[in-house]
Amino acid sequence: MLRSLDIRDILIIDRLELTLCPGLNVLTGETGAGKTILLDALGFVLGWRGRAELVRKGAEQGEVIAEFELSRDHAAREVLKEAGLPAEDELILRRVNARDGRKTSWVNDRRVSGEVLRQLSDALVEVHGQNDDRGLLNPGVHRRLLDAFGGLEIKVARCRTTWSCLKVAESVLAETEARLAALRDEEGFLRHAVDEMDRLAPEAGEDVALDARRRLMRASGQIREDVVRARTALGPDGAEGMIGDASRWLEGAAESVEGVLDDPMAALSRALDEVGNAEQGVSRILEALEFDAAELERVEERLFDIRAMSRKHAVPPDDLPGLADEFRAKLAALGDGASGLAERKQAVDEARKACDAAASELGKARATAAKKLDAAMSRELPPLKMERARFSTQVTRAEPGPEGGERVEFTIATNPGMPAGPLNRIASGGELSRFLLALKVCLTAGADDLTMIFDEIDRGVGGATADAVGRRLEALARGSQVLVVTHSPQVAARAGHHCQVEKSVEDDVTLSRVTPLSADERVDEIARMLSGDTVTDEAKAAARALLAA
């Protein structure tokens, strides 16, 4: 429920505090007094997209604060939870519009985006008028309204889920078919490439090893002679022999000097070991340098084949084994493609059956809901003096989609024998007001948490019809909150809480004021609405009669 609306420096309002109550609240006043501005201000704090320039002339910023009371299971609590905001019994929305156009929003003193306000708006307020910009006159949203009326949200969600699963299965099937088609196009290449690589059988690191081997073999002719000389210099006829002689000579002398030669002899022993190691290493090198021309030719030929294959497939030589595995995997996938394709086709068939079943169930439920809505409307129209009018919810087949395969449109026939047609094309202004009021009553049945706002819904009607509209609004407001902007004294007389909107000029500045009316003031205001500027005793008597009726 909307408790209060605090407006500062918005359009022609400098400061306004409006308190609202449960039941039927009405705003009355002369045309241009600012009644619609109040709705513009409420729409602003709820994040609606409206006027671009809202700040009152001469002010630096405009501000609107709306205070709501939330029941324990109010739908707005879920919106707050999803937005990460605390959900309390009191909900305060605040929005500021700076002179430069910047807008800043708060929910219970937490900064939020305009989108969060709009989500809260859908759970808090329902606004309606003859120019219905909230959807009743738009056939594009009639299906959603019928689904909400029939409580079909779960069936719609199931239909949406199965539709999504079908699209995923179809996408996977299409990808599989495209991939297999591409593999079939390159099957010949793959088989030839795998055959070539199987014959070559390259190994990771082989290119580097072969290149090193080739360079060594090519250089061996130049270095072999020096290596042979080095081995001779290290052997028995060289360093090894001389160190051995020196060791024997020292051993003979060591007996006479009692340990003086121990260190030199140990050093010579170590030197002899190292010379031996060096000689062995040189011998191994000589063995490696042993080759023939045929071996060099074989090494160079394989190195050439590996590098040619590398250039052909535009990959480094070390990546050839992995590329061969990739080609084999593609061929294997091609071989397994038939069975995989069959599985994906079966998955599509099963998903389509589930989707069709969900859509069929939803379609039947919509047909049932349409009959219930038509029956509800037939009960609502007579109290509004439209006994001869007929409302019909047309449910027709349409292109299947995520939310089923039906098109829904609300139609009316105002007189027997007349063809039914769209709401806004068949009904006159007064008739349209009553149709929309009846439809609103049916569609919001049980929505006690909503604050329903009717902007001049009674335009174009008067007399007994206006009285019927007022009584229906009064009944609608029982157990909920309804705010009505009206020019009809019959409607105003049914209010439980009545405010008057007045416009005045102070110091060449136009300002708007809202004043709650006492019982006597209500008589004067309703008398004004009946008679105009000159309020007569007869008009006051008529006003009292309306209030007492």
Side-chain angles (χ1 to χ4, degrees), residues 1-7 17-27 38-39 41-49 64-95 105-129 133-136 141 144-157 376 437 439-455 473-485 495-497:
M1 183 186 74
L2 178 60
R3 281 182 177 175
S4 64
L5 192 64
D6 189 342
I7 305 171
E17 295 181 5
L18 176 63
T19 300
L20 297 167
C21 301
L24 181 60
N25 300 256
V26 299
L27 295 174
L38 292 174
L39 299 186
L42 178 60
F44 169 69
V45 77
L46 289 171
W48 301 347
R49 293 179 176 87
V64 181
I65 300 174
E67 181 182 352
F68 290 85
E69 179 181 340
L70 301 184
S71 61
R72 186 175 301 276
D73 56 351
H74 199 291
R77 292 181 181 270
E78 187 63 28
V79 178
L80 294 170
K81 180 180 178 181
E82 291 181 0
L85 299 170
E88 302 172 357
D89 294 343
E90 183 181 71
L91 176 64
I92 299 177
L93 309 182
R94 175 173 170 248
R95 201 175 190 203
S105 309
W106 292 265
V107 172
N108 287 347
D109 291 330
R110 298 277 190 93
R111 283 282 297 270
V112 298
S113 65
E115 180 59 30
V116 171
L117 291 181
R118 286 186 284 275
Q119 291 175 6
L120 285 170
S121 168
D122 291 339
L124 293 168
V125 174
E126 184 76 32
V127 178
H128 188 58
D133 59 350
R134 304 290 283 178
L136 293 186
V141 300
R144 177 174 58 81
L145 294 173
L146 178 64
D147 290 343
F149 169 79
L152 307 181
E153 291 85 354
I154 294 177
K155 288 182 172 60
V156 172
L437 175 57
L439 188 56
K440 176 68 69 175
V441 170
C442 293
L443 293 176
T444 56
D448 296 339
D449 287 338
L450 276 176
T451 294
M452 288 175 279
I453 300 175
F454 293 88
D455 184 11
L473 288 169
E474 182 183 24
L476 179 64
R478 294 190 186 108
S480 62
Q481 184 183 50
V482 176
L483 174 61
V484 180
V485 176
H497 187 65

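Quick note: residue numbers are just sequence positions, from 1.
Between Gln481 and Cys21, the closest heavy-atom pair is NE2-O, 3.1 Å. Closest of all the heavy-atom pairs between Ser121 and Trp48 is OG-NE1, 2.6 Å. Shortest non-hydrogen contact noted between Ala76 and Leu120 is O-CD2, 3.9 Å. In this structure, Pro86 and Asn108 approach most closely via the heavy-atom pair O-ND2, 4.0 Å. Residue Val45 comes nearest to Leu117 through the heavy atom pair O-CD1, 3.5 Å, listed as atom of the first residue, atom of the second, then distance. Minimum interatomic distance between Gly114 and Arg95 (heavy atoms only, all atoms of both residues): CA-NH2, 4.5 Å.
Remark: Leu42 CG to Leu18 CG distance equals 9.5 Å, nearest 0.5 Å. A distance of 11.5 Å separates CG of Asn25 from CE of Met452, quoted to the nearest 0.5 Å. If you take CZ on Arg94 and CD on Glu67, they are separated by 14.5 Å, rounding to the nearest 0.5 Å. In this structure, Arg110 CZ and Ile92 CD1 are separated by 13.5 Å, a value rounded to the nearest 0.5 Å.
Using a 4.5 Å heavy-atom threshold, the side chains of Val26 and Leu473 count as separate. Annotation: side chain of Leu20 is not in contact with side chain of Met1 (no heavy-atom distance under 4.5 Å). Looking at heavy atoms from C-beta onward, Asp89 lies out of side-chain contact with Leu70 at the 4.5 angstrom threshold. Residues Leu39 and Leu27 fail the side-chain proximity criterion, which asks for heavy atoms closer than 4.5 Å. Inter-residue side-chain proximity for Asp122 and Val79 is flagged as unmet; no heavy-atom pair is nearer than 4.5 Å.
Arg77 contributes a side-chain N or O that, together with a main-chain N or O of Arg72, makes up a donor-acceptor pair within less than 3.5 Å.
Legend: residues meeting salt bridge (Lys or Arg N to Asp or Glu O under 4.0 Å) with Arg118, ordered by chain and number and at least two apart, are Glu115.
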